[in-house]
Each structure stands twice: as structure tokens, then as C-alpha cells.
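Take a look at the structure below.
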Amino acid sequence: MKHLTGKLIMVITLFFIISPMMFSQTEPLPWLHQGGAYIYDESGTPVKLKGVNLGNWLILEMWMSNHKDNVSDHYTMEQVLINRFGETEKNRLMDVWYDNYITDRDFQIIKSFGMNVIRLPFWSEYLMDSYNNPYVLKANAFKYLDWAVNKAESYGMYVILDMHGAPGCQSAMDHSGRADYNQLFYDTSLQEMTVWLWRQIADRYKDRSCVAAYDILNEPWGATAEKMEDLSVSIYNAIRSVDQDHIVIFPTFYNDMGQWDSGTSWEMYGFQNVALWAHPYPGFFGNGDPTIATHVDWLTNGVTGYRNFQHDHNVALLMGEFNVVLKEAGGGEMMRHAYETYNGYGWAATMWSYKVFTDFGGIGAGSWGMVTNKIVQPRLKADTWGCDNWDSSFDALGVRNDTAFTAPTTGVYYIILKAGAWDGTCAIGIDEVSFVDNATGQEKIVNGGFGSGAGWNEWNALGTETFNYNYDVSRGAPSSKNPSGGNPPCLVIGGTGQVNGGVYQALSLDAGHSYTISGVSKDMGATNSWLEIYITPVAPVNGQDFQDPEQINFPDMNSWSSQDIENYFSTLSSMPYAIDEDLQYWLTTSEWPSLYNQPIPAPLPNEGGADPTPVPTSTPTPTSTPDPTTTLNPTSTPEPTPTPVPTSGAEYCSVSSVVPSIYSVNKRMKKAVVTVTVLDNSGTPVAGATVTGTFSGDASGTASAVTDANGVTVVENNSVQSKITSFAFCVDSVAGPLPYDPAANGETCDSY
């Protein structure tokens, strides 16, 4: 994977900068209904629903909470709390979570992003105990749903109620509430509970106009498409028995709307006031790498299938989850393009998600959330889970790249270079480390170019690490392993198994002075490994993992006391936030994004209703009006693959190397990828060669990719999985500007 880059986004603390009076709503919101391919209000005006998911609140996903323990899902966390403290105390602690994780300030912030709808994921077990007391609503079952609906209405925002976890779980994924369970489609009693529960929900909210729709099942992919379809129809009929007015949103099977055409036709059911959802994540779950080009292709070509279904069946759509995530994939500008495209077609759109906690906090190179926990001191990080094979300067390090620091007080601070591995190989190269006083130009680091250990102290927290301060090509080190931009010799921190530690030195800093940290680093064949860099007033201690004093001490449900857990949950309502100002700007400005010349979506004929002509939310000025092409802006897009020019005298090409690896697309899902190098018979890289190969093992199938100017390409397996540990890959063919000679291959197959 390419190392991650991104513009440094300023982070701010949001306490009271947004006045609730700015968004006060006194009248009920207009009722919404589906008419053909669009959603209308009571006056017949098309409504563009633009919003966000309130994920991880009423159904927890541990990767979003950043729990440190082995609690894998919401169900397991509650069971741990019950086993340790009892049912009553568990309920009390969960109420502290619900009371503090989302509060009024969160609705203020969401509104400040220009949102007018919230998709509200919830767990069925929050309403009814399917395991022990089915068909009986819990006391105060609707407490937080009611609060959220009322709060959203007060800010002039609609709510889509999303059953994210159904009784028995509709898939084996943790976001259904209980990982590896998946019983809903195999137990008719659980299906009947789900139908019954939706009837209670619809009866509760049948008179609330601010409830835009019922999203009946989130990603119900735990069985066949036919089972999903049968249960969805039953839920629809149950809702319609008590509520004729609200839009009902049907699920798709792995985002494929064609399921509703297989065997039975959408029209034959006679559905009224309905929509379908899709959850597209191009670049993360299919459609190539997370790049600008991938998203441009998706928004111009990838949505065609949805458009066709919408046109053929006169149905409204909800893009229920999507996110560009990475700044290098377009950041806020690309998210604006996504909203404009989806809303332009009349589709409702709710990004995933509002808030995500991370170890390091801040927006950095990108985030799955609009906000996250705030940081003050600079922290830099790259790891082989989030950034394979990095070779970069500190300001483009990958997972975190905050390189600016203003000293709050005069005194001694420490720069810490921390590296390690977890059941893997630590092999991290570091060079040209600098920490400069921006006012005086004074260098604060002693011996940042290495060659010796002078000025540096070694620190060990776990296992045995090695420190080679004199790693130099001239001494026999492979040149390919020098960090780019460095000046050998460099420092290499090594070790195997479970190791953790690093080097540090003291810095004397002045209050109010601003400083900039810089340097270069390279992953030199590391696995399950990381590099972290801190500027902090606290020195590391041998035998202890370094904990930054400003880093959140995330909870451990297996060991923390009930009081400690309560105290942590209570801080969530006032925890300082980092807000993605890049995203906020582009979702609210009248300026038109210039990543590419986005065509303004136009309606297809006969789409029902008044057949309105969608226009951008904010009309661009004449100087920036997108022209109706999809040509990439050459100043902001990766350069196209160069036209291959065979080397003079070149007769054939062959595969020089095959390097397999596993790429973690996020904390839940992984993908098999292989880096292939193609050279001609003189050893010169061959650009424009199409490499096709076959995956086997945990990853399977055939895939192709085209080599760049360096003769290198990354072949990705199309499957994204939660569990992948080993696979094999073999090159089948190479097609391009030169004949392919398999007999000359240096390597054809390799395994991970």
C-alpha cells in the first residue's frame, strides 16, 4: 500500500463555540414521502437528505471505542460487566455511557456540518432481551431513541431509525452486536421477534414527522438473499399494519439491488413509500485502492447500476454508509463530490460515522469520523497494519503526522522514537531527525543523523531490541533499505517476537516558542510492527510501555473497577474533540471543489413524481462551474500510467519478483495484495504491462493490474475479509509492449 499522505488539519476544542439558538427548531418538520425516484416533503418539493451515522452509541463497535481489552463486541462487553458486577450495575454503567457518549453538543456539531438528517443505529437488545425475555419491551426501552428524535427535531434534522443489530444477529460481524453468532436467519422464533419489534417501533413513532424512515435491517448478509428478502417483506407488512406514513428502507444483498429482480420482481410486492439502501466504500471494500482516481471512477461510472435500478423500478435510494476516509483520496473535497452526486440523483446520503476514538487522536491523514479525540502534543506514527512498506518523511508518515509543537512552558521535554513488534519483526530505519526552533532556527536535536549513539538514551519495555546507529550501504547494507531522503548512516531498530522500546533524548524548550519536527523513516521488512514518535514532558521508564500523558487511557472492562469505568464514561460528554475542519469546510462552503470536473447529475426520464432537475446544493460560480466531463484535474490527481516505450534492444519481458502481503483496510477487515516487478531482458523496468495472476488459500480468485514507470504493480485480491492469515499467488500471464517469456522469470509464485 502507498504510504499515506495528507494535509495537516488544525484541531480545535469544541465546548460552546456553537450556540444552540443558531439551530433552534420550534415547528414540527414536514412529513417526507417517496415518490418515484425521489423523496418529497408535504408541498411536493424534493428533499435532499444529507447526514451522518451516530455509530457506536446505541450499539458499540469496539474499534470505534478503542477498547484495550479482549472485549470483541457489544454483547461480550455487557456479559463481562454482568459477570463482574451483576445485571443491575451493568445497566447503570451502560446508562452512563448512553448519557455521555452523545449529548447536545454533538447535535450542535453535526448541524454545523450542514447536515439535515441522522441515521441512528441501534441494537435490538437495547429495546428487548431476546435471550431471556422476548416480546417484552424493557423499562424505558425508548428512552434514548426518544431523546435523539426530539433532539434532532429541535435542530431541524430528520432521523432514520436503523436496526443495526437484530435479534439473533443478521450476520457474523461484530457490528450486528455479537460477533460470530449469526442466528437470525436460522431460527424462525428470532425472525418473529424481529417482526414484532419493528411493529412496536413503528407504533411508537407513527405520528412523528421528524422520523424520515425506518431502515429495517443493516447489512443482513448472514444467509441467502432469498432469506433476507422474505424477512424484509414480513417486516414491511408488520410496519404497515400500524404505520402507513413513514418511508420503509429495504436492505440490499452485499449492495446488489439486483436481488430484488431475481425470481420475484420488486413491483409484484406492491410496496408503497419505500427505498433501498447501499453502503459503498470504494477503495476500502472493492473498486481498487483508496485514491482520488478510484473515487472519481466510482462517482462517474460505479453508480450506474444503482441509477439503472432506480430508473427501472421507480424507487428512492439511501447511500446509508460511505466515507473517503483518507486525505490522499480526496478528503473533504471528495466527500463533497460524493454528497453532491448522491443528492443530485435524489438519493439520501449518510456518511459513516460521526465519531471515532483513536490511540493518537486528531484527524491526521484521515479518519472514519467527523470528530475524534483531540491532541495537543505532536505524535507521529506509522505501522504495518495501517501503512505497509512505508518509506517517507515524518510529515507524511501515514497513520499520524503532526509535526508542529508550541511549548506551553519552559523546561525539559523529551523526543522519543518508539518501535516494536507484536509476534512479528521489528525492522525500522530512521534518519535525519531534527527539531528546530522556528523563531531562532536553532537545532535542538543532538546527532539526528546518527553514525553513533551519541546524545541518545536507549529504553526497553518488552523483549530484546537491537540498535544499529551505523547502518550504512558502504558497510554492506543493501542500498534499497536506506530511508529515502536520508544521509547514511542511519539508525535501525530491530527485534523479533514481542518487542517494544526505543531511544530518546532530552530537549530544553522555551515557553511560547513553536518547533517543527522532521526526519525520514522506512519499514525495512517489518511485520506486525510500528514506529511512534513523541514530544513529551515525561521520560520513558525501563520495563514500562510509554504512555503519553495526554493520550486517553481507554478502558479495560476485564480489569477496571466499576468506579473507574463509570469515571471514564462520565468524561465522554466533555472530552475535547478534534474536528475535521477540511470536511466541515467543504460540506458547508459555496466554493465548488476542484478535484475533478464533476458532471451535475441529471434525472433520467419517467422517474416519477414531478421529475425535478437536481442541482448542486450550492451553485458554483461561473469561474468554477464543472464542465460536463469527467476529466481529472491534472494538478491534483496522480499522474497517469506512462505510455510504455520499449527499451532499445529489448526483446522480451519477465517477472523479476513477487512479494505477497496482507493489507489491513481497517481494524476489522484485511485484503491480500501482491507486489510484482516486471523487467525486460536488459533489466530495465517495463511500464504498461498487464500482470494477471491467481490467488489461493484464504484469498482466492484471479486479478490483474498494470505496471507503472518502475515496472511495479500491486495486484489486489477482490475479497475483503475479517480473517486472513495465509495465501499463495502465482503469475499466470504478462501482456504488454514486449513478449512475455515465463522461462526467464526470476520468480513466478510466492506465499504469505
Would you sort out whether Tyr281 and Glu321 count as a side-chain hydrogen bond (donor to acceptor under 3.5 Å, both in side chains), showing the intermediate values? CA-CA 8 Å; Tyr281 289 105; Glu321 296 181 19; 2.9 Å; yes
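- Taking CG from Asp230 and OG1 from Thr224, the interatomic distance works out to 8.0 Å, rounded to the nearest 0.5 Å.
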Listing, residues 737-747 side-chain donor-acceptor contacts under 3.5 Å, not counting sequence neighbours, or none:
{"from": "Tyr740", "atom 1": "OH", "to": "Asn745", "atom 2": "ND2", "distance (Å)": "2.8"}
{"from": "Asp741", "atom 1": "OD1", "to": "Ala743", "atom 2": "N", "distance (Å)": "3.1"}
{"from": "Asn745", "atom 1": "OD1", "to": "Val655", "atom 2": "N", "distance (Å)": "2.7"}
{"from": "Asn745", "atom 1": "ND2", "to": "Pro742", "atom 2": "O", "distance (Å)": "3.2"}
{"from": "Asn745", "atom 1": "ND2", "to": "Thr748", "atom 2": "OG1", "distance (Å)": "3.2"}
{"from": "Glu747", "atom 1": "OE1", "to": "Val658", "atom 2": "N", "distance (Å)": "3.0"}

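- Expressed to the nearest 0.5 Å, how far CE of Met319 lies from OG1 of Thr350 amounts to 9.5 Å.
- In this structure, Phe253 has its ring center no closer than 6.0 Å to that of Trp260.
- Residues passing the side-chain contact (heavy atoms from CB on, under 4.5 Å) test with Asn182 are Ala172, Tyr186, sequence neighbours excluded.
- In this structure a side-chain-to-backbone donor-acceptor pair under 3.5 Å is missing from Thr677 to Ser657.
- A distance below 6.0 Å separates the ring centres of Phe284 and Trp368.
- The OG atom of Ser367 lies 10.0 Å from the CG atom of Leu326; values are rounded to the nearest 0.5 Å.
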I'd like to know whether Phe729 forms a side chain to side chain contact (heavy atoms under 4.5 Å, CB included) with Asn717, so could you lay out the CA-CA distance, the side-chain angles of the two residues, the decisive distance to 0.1 Å, and finally the verdict. CA-CA 10 Å; Phe729 177 85; Asn717 185 257; over 6 Å; no
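- A distance of 9.0 Å separates CH2 in Trp530 from OG1 in Thr384, rounded to the nearest 0.5 Å.
- With ring centers used as reference points, His175 lies 6.0 Å or more from Trp221.
- Rounding to the nearest 0.5 Å places CD1 of Ile292 at 8.0 Å from CD of Glu333.
- Phe309 and Trp266 have perpendicular rings, their planes meeting at more than 60° on a 0 to 90° scale where under 30° would count as parallel.
- Residues Phe322 and Trp298 keep their aromatic ring centres 6.0 Å or farther apart.
- Ion pairing of Asp312 with Arg307 is absent here, as no side-chain N (NZ or NE/NH1/NH2) approaches a carboxylate O to less than 4.0 Å.
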